[in-house]
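These numbers were taken from a predicted model, which means no experiment stands behind them. Throughout, a chain's letter reflects where its sequence line sits, starting with A, and its residues are numbered from 1.
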Protein chains: 2
Amino acid sequence: MKKEETTEHQILDAAKDVFQSKGMDGARMQEIADKAGINKAMLHYYYRSKQLLFEAVFKNAFSLLAPQLNTILNDDSTIEDKIRNFTNDYTTFMMKHPYLPNFIINELHRNEDFILKLKENTGFPNLEKFKSSVDAEINKGILKPIDADQLFVNILALNIFPFLGKPLVKALTKKDEKAYKAFIESRKTEVANFIINSIKQH
Amino acid sequence: MKKEETTEHQILDAAKDVFQSKGMDGARMQEIADKAGINKAMLHYYYRSKQLLFEAVFKNAFSLLAPQLNTILNDDSTIEDKIRNFTNDYTTFMMKHPYLPNFIINELHRNEDFILKLKENTGFPNLEKFKSSVDAEINKGILKPIDADQLFVNILALNIFPFLGKPLVKALTKKDEKAYKAFIESRKTEVANFIINSIKQH
DNA sequence: ACATTTGTTAACCATATGGTTAAACTTATT
DNA sequence: AATAAGTTTAACCATATGGTTAACAAATGT
């Protein structure tokens with residue numbers, strides 16, 4: 001039997017769907033059981049409680065996101081390349097997992113202690129290398145002076161917000177689903193250009 | 001008796017607190033009643049149901065946000081001035097209402113039909129004037145070519161994301177509450193500079 | 001073949017929750 | 001003062017919900 005077919009994995013899979021679209025509070029154990037096609041008691045047999053099942057889903061979700069960040073933070077390319085690659089890769093990734101940003105942001109807000117647990121994990125993104133790269137390029141005159149934290153948050157903001165605020169963005173810019181997707185698609189390069197334009201010395 | 005002291009208003013006030021911090025699903029009618037210092041039956045007497053009370057709170061919240069957007073969209077100043085003013089004003093405003101962005105983004109995501117109701121309202125932000133201003137300044141050679149929708153979403157992203165992603169931003173940049181506040185404070189000018197740098201022709 | 005562990009189910013339970021009701025109290029109205 | 005209208009409360013109700021139990025089935029080991 002393949003790993004994906006075990007009851008335990010089917011539960012996690014169904015739980016992911018339900019928790020990510022409805023959040024901890026909106027999710028129902030019965031709905032998860034139904035979606036997994038098993039008895040509700042199984043959820044408790046494998047995961048003990050709603051809280052623990054939720055945490056399993058959350059850690060799983062975060063472990064998908066963290067590597068995306070670590071790429072830009074830990075490789076040895078130039079800041080410009082980091083930004084171009086990240087913007088392209090992150091957007092591509094998020095188009096496949098559109099619920100992920102909202103889910104993480106949301107539940108992190110609901111329970112701030114949660115992030116402490118994540119921080120303990122190895123693989124929690126660390127900005128130090130990115131910061132020293134930015135500072136080095138500023139000293140070399142490649143980039144205009146900018147605080148590395150501010151730059152990093154700007155990069156995140158420009159990449160994540162269109163997913164977080166999808167309904168608002170669609171409504172304000174009067175785009176239907178198709179136009180929204182095209183809009184996001186073009187951001188893969190637009191956003192990188194926007195950032196590079198702003199910070200590159202010339 | 002002042003308006004703020006009426007039972008009806010006290011309910012709305014307590015409901016705002018509870019709904020904005022816990023969301024529709026996480027909010028409890030009893031908690032709202034307790035916070036307002038009244039009997040739970042009063043909530044139904046004045047607002048009929050949880051759903052309608054929630055909608056009253058939501059519309060109220062959105063009606064605070066919309067004017068913030070309309071300022072940048074409808075006044076006659078240059079794009080540069082619009083961006084500088086908006087970035088400063090919006091950030092100042094959000095520091096006073098830190099739950100607002102998450103609340104709106106979240107509940108809009110939970111129920112996409114909700115935004116249709118808002119669109120019908122007069123005062124729903126309209127981008128047309130902003131777009132033609134951007135295009136005009138591009139033609140005059142003041143700004144580099146950029147799609148006005150993309151620029152607008154960038155402006156929103158850079159201003160809103162630090163509030164939406166507060167726990168994540170704090171954890172990634174290793175800031176405590178005080179350092180986070182200082183970080184946000186400096187964004188009032190940093191973000192405007194970042195945007196102007198990127199789009200201004202020179 | 002038998003016993004033991006693991007997996008699965010239907011039925012059940014305690015509690016939480018949104019909502020209702022009927023009576024009491026307060027505030028105008030005549 | 002009597003009446004009507006509006007406001008407030010305690011007690012109640014039906015249902016939903018997370019979680020448990022006990023019996024049963026399927027593997028697994030000896």
Side-chain angles (χ1 to χ4, degrees), chain A residues 1-61 103 106-107 110-111 113-114 117, chain B residues 1-61 99 103 106-107 109-111 113-114 117:
Chain A
M1 190 190 244
K2 292 170 195 166
K3 194 183 168 189
E4 296 82 45
E5 288 168 357
T6 62
T7 303
E8 186 170 355
H9 189 277
Q10 279 177 307
I11 292 173
L12 202 63
D13 223 50
K16 188 198 73 184
D17 275 12
V18 176
F19 278 130
Q20 289 194 11
S21 65
K22 307 203 170 171
M24 171 67 170
D25 293 328
R28 293 293 159 249
M29 294 297 266
Q30 191 60 60
E31 187 181 353
I32 294 171
D34 291 347
K35 192 158 278 184
I38 47 101
N39 188 286
K40 182 161 68 86
M42 289 280 84
L43 303 181
H44 295 94
Y45 180 76
Y46 284 105
Y47 293 93
R48 282 184 59 98
S49 69
K50 186 184 185 186
Q51 178 63 27
L52 287 174
L53 177 54
F54 175 80
E55 288 181 18
V57 169
F58 189 90
K59 280 176 190 161
N60 231 278
F103 176 64
N106 241 310
E107 302 301 333
R110 203 179 56 86
N111 180 1
D113 297 335
F114 218 45
K117 289 184 193 169
Chain B
M1 189 189 245
K2 292 169 195 167
K3 193 184 169 189
E4 296 82 44
E5 288 169 357
T6 63
T7 304
E8 187 170 353
H9 189 277
Q10 279 178 307
I11 292 173
L12 203 63
D13 223 48
K16 188 197 73 184
D17 276 11
V18 176
F19 278 129
Q20 290 193 12
S21 64
K22 307 202 170 172
M24 172 66 169
D25 293 328
R28 294 293 158 249
M29 295 297 267
Q30 190 60 59
E31 187 182 352
I32 294 171
D34 291 347
K35 192 159 278 185
I38 47 99
N39 188 288
K40 183 162 67 86
M42 289 280 84
L43 304 181
H44 295 93
Y45 182 76
Y46 285 106
Y47 294 92
R48 283 184 56 99
S49 70
K50 187 184 184 185
Q51 180 63 27
L52 287 174
L53 177 53
F54 174 81
E55 288 181 18
V57 169
F58 189 90
K59 280 177 190 158
N60 230 278
Y99 281 114
F103 175 65
N106 241 310
E107 303 301 332
H109 226 275
R110 205 178 56 86
N111 181 2
D113 297 335
F114 218 45
K117 288 184 192 168

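OP1 and OP2 of D:dT7 both lie 4.0 Å or more from every side-chain N or O belonging to B:T7.
Rounded to whole Å, the distance from CG on B:L53 to C1' on C:dG19 is 13 Å. As a whole-Å value, the separation of B:Y45 OH from C:dT21 P is 15 Å. Going from atom NE2 of A:H44 over to atom C1' of D:dT20 covers 9 Å, rounded to whole Å. Put simply, CD on A:E8 is 10 Å from P on C:dT8, counting in whole angstrom units. Look at OH on B:Y47: it is 15 Å from C1' on D:dT7, rounded to the nearest Å. In this structure, B:K50 atom NZ and C:dA16 atom C1' are separated by 12 Å, rounded to whole Å. In this structure, A:I32 atom CD1 and D:dT17 atom C1' are separated by 12 Å, rounded to whole Å.
At the heavy-atom level, A:Y46 lies under 4.0 Å from the strands shown only through sugar-phosphate atoms.
With rounding to the nearest 0.5 angstrom, the CD1 atom of B:I11 is 7.5 Å from the CG atom of B:L53. The CG atom of B:D17 lies 10.5 Å from the CG atom of B:L12; values are rounded to the nearest 0.5 Å. We find the CD1-NZ distance between B:I32 and B:K40 to be 11.0 Å, quoted to the nearest 0.5 Å. Taken to the nearest 0.5 Å, the CZ atom of B:F58 stands 9.5 Å off from the CG atom of B:N106.
Heavy-atom neighbours of B:Y46 OH from other residues, nucleotides or ligands within 6.0 Å: above the threshold of 12.
For the segment residues 33-43 of chain A, residues with any heavy atom less than 4.0 angstrom from an atom of DNA chain D are, sorted by number, A:K40, A:A41. Residues from residues 16-31 of chain B lying near DNA chain C, meaning a heavy-atom separation below 4.0 Å, are B:A27, B:R28, B:M29 in numerical order.
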May I have the step-by-step check of side chain to side chain contact (heavy atoms under 4.5 Å, CB included) for A:F54 and A:Y47, ending in yes or no? CA-CA 9 Å; A:F54 175 80; A:Y47 293 93; over 6 Å; no
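Contacts of B:K22 classified as side chain to side chain donor-acceptor pair (under 3.5 Å), with partners at least two apart in sequence or in another chain: B:E31.
Smallest separation of non-hydrogen atoms from B:G23 and B:E107: CA-OE2, 3.3 Å. Smallest separation of non-hydrogen atoms from B:N39 and B:A33: C-CB, 4.2 Å.
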